[in-house]
Amino acid sequence: MKDIVDQLAEKRAAAALGGGQDRIDKQHARGKLTARERIELLLDEGSFEEWDTFVEHRCNDFGMEDNKVLGDGVVTGYGTINGRMVFIFSQDFTVFGGSLSETHAEKICKIMEQAVKVGAPIIGINDSGGARIQEGVLSLGGYADVFQKNVLASGVVPQISLVMGPCAGGAVYSPAMTDFIFMVKDTSYMFVTGPDVVKTVTHEQVTAEELGGAVTHSTISGVCDHACENDVEALGMVRRFINYLPSNNREKAPFRPTPDTADRAEMSLDTLIPDNPNKPYNMKEVIYKIADDNEFWELQPDHAKNIVIGMARMDGHTVGIVANQPLVQAGCLDIKSSIKAGRFVRFCDAFNIPIVTLVDVPGFMPGTAQEYGGIIKHGAKLLFAYAEATVPKVTIITRKAYGGAYDVMASKHLRGDVNFAWPSAEIAVMGPKGAVEIIFRGDLGDEEKIEQRTEEYRKKFANPFIAASRGFIDDVIAPHATRKRVCRSLAMLREKKLENPWRKHDNIPL
Ligand code: HXC
């Protein structure tokens with residue numbers, strides 16, 4: 001018996017070595033950790049239960065029958081993060097470049113299926129040369145099986161992708177269908193076709209980093225939610241980020257007690273809004289000042305900066321924050337910001353996370369670039385997402401809420417549960433100057449008259465009281481009392497129940 005136990009230990013040791021020490025050294029030399037080291041850092045110490053350590057590929061072409069590595073290039077299993085169950089797969093670049101074979105895909109699908117059964121998040125660590133070339137269509141089938149599992153798990157358990165190496169071709173589509181993507185600068189990239197193909201087809205010359213590196217995807221494309229400096233930072237981030245999320249769509253996010261009292265007044269907010277309505281201020285200041293312990297976990301901080309999204313806690317409970325940012329493009333809604341916020345609102349709604357919306361929006365961005373790009377359809381995504389959301393929705397208008405953007409930003413009309421306005425709020429079809437230039441077109445050229453009409457309009461509409469007189473605003477609140485009023489509203493809404501009519505699924509404008 002002892003011999004057999006020893007043999008088992010030897011087999012495990014062989015599996016742990018993946019593609020061998022040389023390739024491990026190469027991985028380290030690039031500043032990358034191995035698949036197992038990553039799991040060790042991500043999970044609570046000693047909590048990892050590995051499955052399918054002894055799986056081998058079934059390929060007999062191109063001499064592969066003599067080239068088998070236990071585990072077949074992906075380490076899978078489950079463990080805990082801060083005591084909470086998660087399922088994980090981690091691709092091993094030292095084994096056939098982490099490429100995905102039929103059996104490699106089966107291992108991933110197995111843990112995804114189990115995660116959905118027990119209601120625990122799935123974390124995928126991607127570091128792979130894509131489809132296992134020697135396996136041809138079997139490998140493509142494997143990818144499709146993973147995609148199918150991604151889709152069935154979407155909205156049921158949170159799915160988080162760490163991209164920590166190459167991720168090309170079809171391989172980008174599994175991460176793309178997960179809820180959040182974390183990338184590592186300089187060592188990871190994602191693209192549908194690599195620089196060589198780009199050069200052949202479009203004659204563009206571009207490096208892998210420029211085409212699909214972490215900086216590109218966290219600034220220009222918005223594919224990635226966080227660009228991290230290295231593997232260790234990325235894994236630590238995911239460990240902390242997951243604390244904000246529920247384990248599945250039937251649970252609420254974990255409660256984290258805080259010494260920060262719910263009725264804390266923040267007097268500095270009373271002087272935040274500048275006297276000049278065209279002067280910007282930083283909306284993030286409001287977020288940090290009203291959140292528990294002044295903590296805010298921003299997502300996509302460098303993409304579509306005219307809208308701010310992320311997680312915070314209010315009185316110990318996770319909330320999703322969506323906020324216009326007057327510092328960037330005056331906080332206008334455009335294509336990118338609508339897509340960014342729309343997807344986030346849907347994530348929160350799918351996972352029982354209340355949404356707190358801070359509004360200072362002068363409208364949708366005008367111009368041919370936006371119209372030709374389809375702002376009508378993309379802006380409608382955010383509108384649609386807010387309108388269908390049934391989670392608690394608390395909205396605070398700090399300054400401008402003009403036009404369609406007023407409606408879109410979780411207004412009362414879209415089933416906003418509690419809608420507050422600061423006394424500085426201006427709720428109207430458009431800003432005073434634009435409005436006067438349209439309704440008093442005949443006076444154009446008479447500066448004095450236009451000035452007088454603008455002042456008249458400003459007095460009449462640039463305030464929250466007309467909306468409040470109709471009940472569209474539940475109360476006009478002092479800025480310093482925002483935290484207290486929001487926390488109370490969320491407490492009142494804790495057991496909110498609202499369902500949309502039955503249907504197969506809605507038809508959000510994609
Ligand atoms: C089998 C692969 C592989 C693959 C890499 N390897 N990619 N083996 N299938 N797809 C192996 C290499 O042979 C090598 O083996 C080891 O992994 C490391 O690769 P290197 O090339 O030495 O590493 P590096 O220089 O870092 O380059 C990494 C790479 C490159 C950029 C990923 O290997 C590469 O371009 N691979 C091919 C990528 C690709 O075209 N994949 C198919 C995409 S299409 P040894 O034994 O030397 O260590 C696709 C379709 C999916 O994925 C569609 C789904 C719908």
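Position 1 is the first residue of the sequence, and the numbers go up from there. When a ligand or atom number is given, it counts from 1 through the structure's own listing order.
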Task: Heavy atom of the protein closest to atom 6 (N) of ligand 1 (residue, atom name, distance) - done: Phe96 O, 3.7 Å
- [ ] Have a look at Glu298 and tell me which of Lys305, Lys284, Lys340 forms a salt bridge (charged side-chain N to carboxylate O under 4.0 Å, His left out) with it.
- [x] Lys284
- [ ] Run the contact test for Tyr189 against ligand 1 with a 4.0 Å cut-off on heavy atoms, strictly below, and give the result.
- [x] yes
Open item on the list: Protein heavy atoms near atom 13 (O) of ligand 1, is at least one of them under 4.0 angstrom away?
Closed with: no
Open item on the list: So if I count the atoms of ligand 1 from 1 in the order they appear, which ones are less than 4.0 Å from some heavy atom of Gly130?
Closed with: 52 (O)
TODO: Would you check whether Ile133 has a nitrogen or oxygen atom less than 3.5 angstrom from a nitrogen or oxygen atom of ligand 1?
DONE: yes
Task: Asp231 (side chain) donor-acceptor with Leu33 (main chain) under 3.5 angstrom - done: yes
Open item on the list: If we set the cut-off at 4.0 Å for heavy atoms, which region of Tyr173 has an atom near ligand 1: side chain, backbone, both, or neither?
Closed with: neither
- [ ] Compute the shortest N/O to N/O distance between Ala131 and ligand 1 and return yes if it is under 3.5 Å, no if not.
- [x] yes
Task: Arg30 neighbourhood, listing ligand 1 atoms whose heavy-atom distance to it stays under 4.0 Å - done: 24 (P), 25 (O), 26 (O)
- [ ] Could you see which bit of Met64 sits under 4.0 Å from ligand 1, with heavy atoms only: side chain, backbone, both or neither?
- [x] neither
TODO: Take atom 33 (O) of ligand 1 and look for protein heavy atoms under 4.0 Å from it; say yes if you find one, no if not.
DONE: no
Task: Heavy-atom gap Phe93 to ligand 1 smaller than 4.0 Å - done: yes
- [ ] Find the distance between NZ (Lys497) and OG1 (Thr390) and round it off to the nearest 0.5 Å.
- [x] 11.5 Å
Open item on the list: In this structure, is the centre-to-centre distance between the rings of Phe180 and Phe182 below 6.0 Å?
Closed with: no
TODO: State which residue, out of Asp127, Asp22, Thr187, Asp92, fulfils the side-chain hydrogen bond (donor to acceptor under 3.5 Å, both in side chains) condition with Gln27.
DONE: Asp127
TODO: Examine Arg23 against ligand 1 and note whether any of their N/O atoms are separated by less than 3.5 Å.
DONE: yes
Task: Gln134 neighbourhood, listing ligand 1 atoms whose heavy-atom distance to it stays under 4.0 Å - done: 1 (C), 9 (N)
TODO: Please work out which of Ser174, Gly20, Gly169 has its closest non-hydrogen atom nearest to atom 44 (S) of ligand 1.
DONE: Gly169
Open item on the list: Ignoring hydrogens, what is the shortest heavy-atom contact between Leu100 and Gln91? Give both atom names and the distance.
Closed with: CD1-NE2, 4.4 Å
Open item on the list: Are Phe364 and His378 an aromatic pair, judged by ring center distance below 6.0 Å?
Closed with: no
Open item on the list: Ring-plane angle category for Trp51 and Phe87, please: parallel below 30°, perpendicular beyond 60°, tilted otherwise.
Closed with: perpendicular
- [ ] For atom 22 (O) of ligand 1, find the nearest protein heavy atom and state the residue, atom name and distance (0.1 Å precision).
- [x] Lys26 NZ, 4.4 Å
Task: Protein heavy atom under 4.0 Å of atom 20 (P) of ligand 1 - done: no
- [ ] Of the side chain and backbone of Leu140, name the one, both, or neither that has a heavy atom under 4.0 Å from an atom of ligand 1.
- [x] side chain
Open item on the list: Please report whether atom 10 (N) of ligand 1 has a protein non-hydrogen atom at a separation of less than 4.0 Å.
Closed with: yes
Task: Test item: side-chain donor near acceptor, Asp225 and Gln300, under 3.5 Å - done: yes
TODO: Ignoring hydrogens and angles, state whether a donor on the side chain of Gln159 or Asn150 is under 3.5 Å from an acceptor on the partner side chain.
DONE: yes
- [ ] Identify, for atom 16 (C) of ligand 1, the protein heavy atom at the shortest distance, and state residue, atom and that distance.
- [x] Gly97 N, 3.8 Å
Task: Heavy atom of protein inside 4.0 Å of atom 29 (C) of ligand 1, strictly below - done: no
Task: Any protein heavy atom nearer than 4.0 Å to atom 26 (O) of ligand 1 - done: yes
- [ ] Kindly say whether Val74 contributes a backbone atom to a donor-acceptor pair with the side chain of Lys107 at under 3.5 angstrom?
- [x] yes
Task: For Ala405 against Gly363, the heavy-atom pair lying closest together - done: CB-CA, 3.8 Å
TODO: Could you pull out, from Ser99, Ala144, Gly129, the option with a heavy atom nearest to atom 41 (N) of ligand 1?
DONE: Gly129
Task: Donor + acceptor pair across side chains of His28, Glu37 (<3.5 Å) - done: yes
- [ ] For Tyr173, look at atom OH and say whether over 12 heavy atoms of other residues, nucleotides or ligands are found less than 6.0 Å away.
- [x] no
Open item on the list: If you measure every N or O of Phe147 against every N or O of ligand 1, does any of those distances drop under 3.5 Å?
Closed with: no
